[in-house]
Amino acid sequence: MSYPGYPPAGGSYPPASGPYQQAPGGYPPQPGAYPPQGGYYPPQPGACPPGAGYPPQAGGYPPQAGGYPAAPGGGFPPQAGGYPGAQPGTYPNMPPAGQSGGWGGQPGFGAPGGGMPQGYPGGPAPGQQPMPAYPGAPNPSMPGYGGGVPTGPTPPVAPTANKGYRGSIKDLPGADPLRDVEVLRKAMKGFGTDENAIIELLGTRSNKQRVPLKAAYKTTYGKDLFSDLKSELKGDFEDLVLAMLKTPAHFDASELKEAISGAGTDEACLIEILSSRSNAEIQEINKVYKAEYGKSLEDAISGDTSGHFRRLLISLSQGNRDEKETVDISLAKQEAQKLYAAGENKVGTDESQFNAILCARSKPHLRQVFHEYQQMCGKDIEKSICSEMSGNVESGMVAVVKCIKNTGAYFAERLHKAMQGVGTKDRTLIRIMVSRSEVDMLDIRQEYLRLYGKSLYTAISGDTSGDYKKLLLKLCGGSD
């Protein structure tokens, strides 16, 4: 089995120049029994000399500094920190940790966690204990954690870190914006529109290759690409095409604006975006929102929401969550006790305590808090929130918990609800398919199949139609 990005193994380890060679003759059969020897077997050709132990063999395994010798022809070359660099035809590597934004240096839908390393580091930070069930040393002070048999349910950890790129849309090698806008112009010129040409072009380019088309179109033809597309396309297909031509931050800002100022507030959209984006992405959304709409996102939220739900959204909109990957188990226990004291263990509920912990702590830390909470009171934290809160603050807090526990499963559920029943929530469907296509669409597809017994591709095919369906399926990337 081969894996993308790794050089071919070439079949097996090449024959070495001598290790474990058949000794010519070896120990020849002796007539009858072992003849009296002077302490040793008689010297044999190719065998060990008397009394000398095992001498170094010509061509055997030489002393290694840490592993097998490199196979001739390459083998697995040494990597600087993980996967090999991008090859022609593959998706570029993630931006380095600490960079803001998404692919290509633009702020956007980067790796979940805003450029933090994917997966969990091999060990804890100095002075902190490793999180149970995450790679790292076992914790001897916590019975049932680490190598031993657990005394209770195992911690609800994030899905197994699928290393590598988990999006469905990749860079197209050699894509040229000037050639691409010629294709778009030809598709819209004259009588009728060649929708298939538009679908094929947009559905095979990454966001960083699509966004420059707007400027290239105006430079080449002196016309606005968005205006021309709006005059040629219609309905959900038009909305999807225009969404794909925006930067991630501009798209998110426009979705938040619509959720706040549209007919009724779309609270689920607000929570979805603010609970799933990294700090860097949220900060970029704030900048774009202020520049585009003349007021801060915080002011817009304040004017359209109220109470503890408003406080939850404002906290999330700061983009100031701890993003360290290490976990302090003793602190997680303390905070689980605080949540229990703020909800199940008192008359009424102290929503501010839930707000403080859910909006500030890192996702790995919160997963441990949720585990400690269930161990302590025998109840899942989602059920506690549902029994202690109501209305928007309840649905908001539950959504934050679900997104932190398992982001792929959270979006799979959102997509299922968007397509379930009479009518389709197309705005939700478009937003998730566009915004996650270069982040974790493969994880969402995997969770959708696990939760609902059919592929996301099949669900979209049965719930949409026409050119709109074709382009959505391009974003989906395939069936499972």
Side-chain angles (χ1 to χ4, degrees), residues 86-92 102-106 108-109 165 167-255 288 292 424 426-427 429-438 441 457 460-461 463-479:
Q87 302 297 324
T90 63
Y91 202 83
W103 301 101
Q106 296 187 21
F109 301 131
Y165 178 62
S168 54
I169 296 289
K170 303 178 182 180
D171 272 344
L172 180 71
D176 178 4
L178 294 178
R179 286 202 306 268
D180 286 350
V181 295
E182 285 181 28
V183 173
L184 292 175
R185 177 65 177 160
K186 184 179 178 182
M188 293 185 284
K189 192 176 179 182
F191 180 75
T193 304
D194 185 354
E195 288 88 353
N196 285 328
I198 296 172
I199 292 166
E200 186 58 33
L201 189 144
L202 296 183
T204 55
R205 275 126 179 102
S206 65
N207 182 263
K208 75 175 184 180
Q209 293 175 321
R210 297 190 303 260
V211 168
L213 298 180
K214 185 178 180 183
Y217 192 88
K218 185 166 281 189
T219 300
T220 306
Y221 302 110
K223 302 184 72 179
D224 183 71
L225 176 59
F226 278 38
S227 298
D228 280 5
L229 287 168
K230 286 178 180 179
S231 68
E232 296 291 329
L233 309 178
K234 61 182 179 179
D236 296 322
F237 180 56
E238 175 193 330
D239 293 339
L240 177 56
V241 166
L242 296 180
M244 292 177 70
L245 289 167
K246 295 178 181 178
T247 67
H250 278 82
F251 182 45
D252 278 346
S254 66
E255 289 294 289
V288 170
E292 290 287 318
T424 303
D426 292 292
R427 193 171 197 99
L429 181 57
I430 290 169
R431 181 175 60 252
I432 295 174
M433 295 304 294
V434 172
S435 67
R436 309 311 290 186
S437 62
E438 295 180 47
M441 184 57 70
Y457 191 97
I460 292 171
S461 298
D463 203 66
T464 57
S465 61
D467 299 317
Y468 177 49
K469 176 176 83 172
K470 291 177 186 176
L471 190 49
L472 284 174
L473 293 178
K474 286 278 191 182
L475 292 172
C476 182
S479 187

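In this chain, residues are counted from 1 in sequence order. What you see is a predicted model; the values in this text were computed from it and never measured.
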Stepwise side chain to side chain contact (heavy atoms under 4.5 Å, CB included) test for L225 and L213: CA-CA 8 Å; L225 176 59; L213 298 180; 4.1 Å; yes
When every non-hydrogen atom of L178 is compared with those of A216, the smallest separation belongs to CD2-CB, 4.2 Å
I'd like to know if the side chain of S437 and the backbone of V434 have a donor-acceptor N/O pair within less than 3.5 Å. yes
Salt-bridged, D180 to R205, with N to O below 4.0 Å? yes
Apply side chain to side chain contact (heavy atoms under 4.5 Å, CB included) to the pair Q209 and L172, showing each step before the final yes or no. CA-CA 8 Å; Q209 293 175 321; L172 180 71; 3.9 Å; yes
Output the distance between atom CG (L184) and atom OG1 (T193), rounded to the nearest 0.5 Å. 11.5 Å
Note: K474-E200 ion pair, threshold 4.0 Å (strictly below): yes
Sidechain-backbone polar pair: D467 side chain, I198 backbone, donor-acceptor under 3.5 Å: no
NZ/NE/NH1/NH2 to OD/OE distance under 4.0 Å, R427 and E255: yes
Distance col, row F237:CZ vs S465:OG, nearest 0.5 angstrom, shows 12.0 Å
Over all heavy atoms of both residues, which pair between K208 and P212 is shortest? Give the atoms and the distance, please. O-CD, 3.1 Å
Please report the interatomic distance CD1(I430) to CG(L240), rounded to the nearest 0.5 Å. 5.5 Å
Side chains of N196 and K470: do they bring a donor and an acceptor to under 3.5 Å? yes
Interatomic spacing from CG in L471 to SG in C476 - rounded to 0.5 Å: 12.0 Å
Is any side-chain heavy atom of T247 less than 4.5 Å from a side-chain heavy atom of H250? yes
Just verifying a value: how many Å separate E232 CD and M188 CE, rounded to the nearest 0.5 Å? 6.5 Å
Report the distance from atom OG of S231 to atom CD of E238, rounding to the nearest 0.5 Å. 9.0 Å
Minimum heavy-atom distance S254-K246, with the two atoms named: OG-NZ, 3.6 Å
Measuring only between side-chain heavy atoms, which start at C-beta, is M433 closer than 4.5 Å to I460? yes
Could you tell me whether the side chain of M244 reaches within less than 4.5 Å of the side chain of L475, counting heavy atoms only? yes
Is there side-chain contact between K186 and D194, with heavy atoms separated by less than 4.5 Å? no
Answer yes or no for K214 and F226: cation-pi contact, defined as NZ/CZ to six-membered ring centre under 6.0 Å and angle to ring axis within 45°. yes
Could you go step by step and tell me if Y217 and D224 meet the side chain to side chain contact (heavy atoms under 4.5 Å, CB included) rule? CA-CA 7 Å; Y217 192 88; D224 183 71; over 6 Å; no
Is there a side-chain contact between K223 and K218, using heavy atoms and a 4.5 Å cut-off? no
pair E182-Y221: side-chain heavy atoms closer than 4.5 Å: yes
Does R431 qualify as a cation-pi partner of F251, given the criterion of NZ or CZ under 6.0 Å from the six-membered ring centre and within 45 degrees of its axis? no
Here's a test for you: under side-chain contact (heavy atoms from CB on, under 4.5 Å), which of D239, L473, L429, V241 qualifies with Y468? L429
Please test E438 against N207 for side chain to side chain contact (heavy atoms under 4.5 Å, CB included), starting from the C-alpha separation and ending with a verdict. CA-CA 8 Å; E438 295 180 47; N207 182 263; 3.3 Å; yes
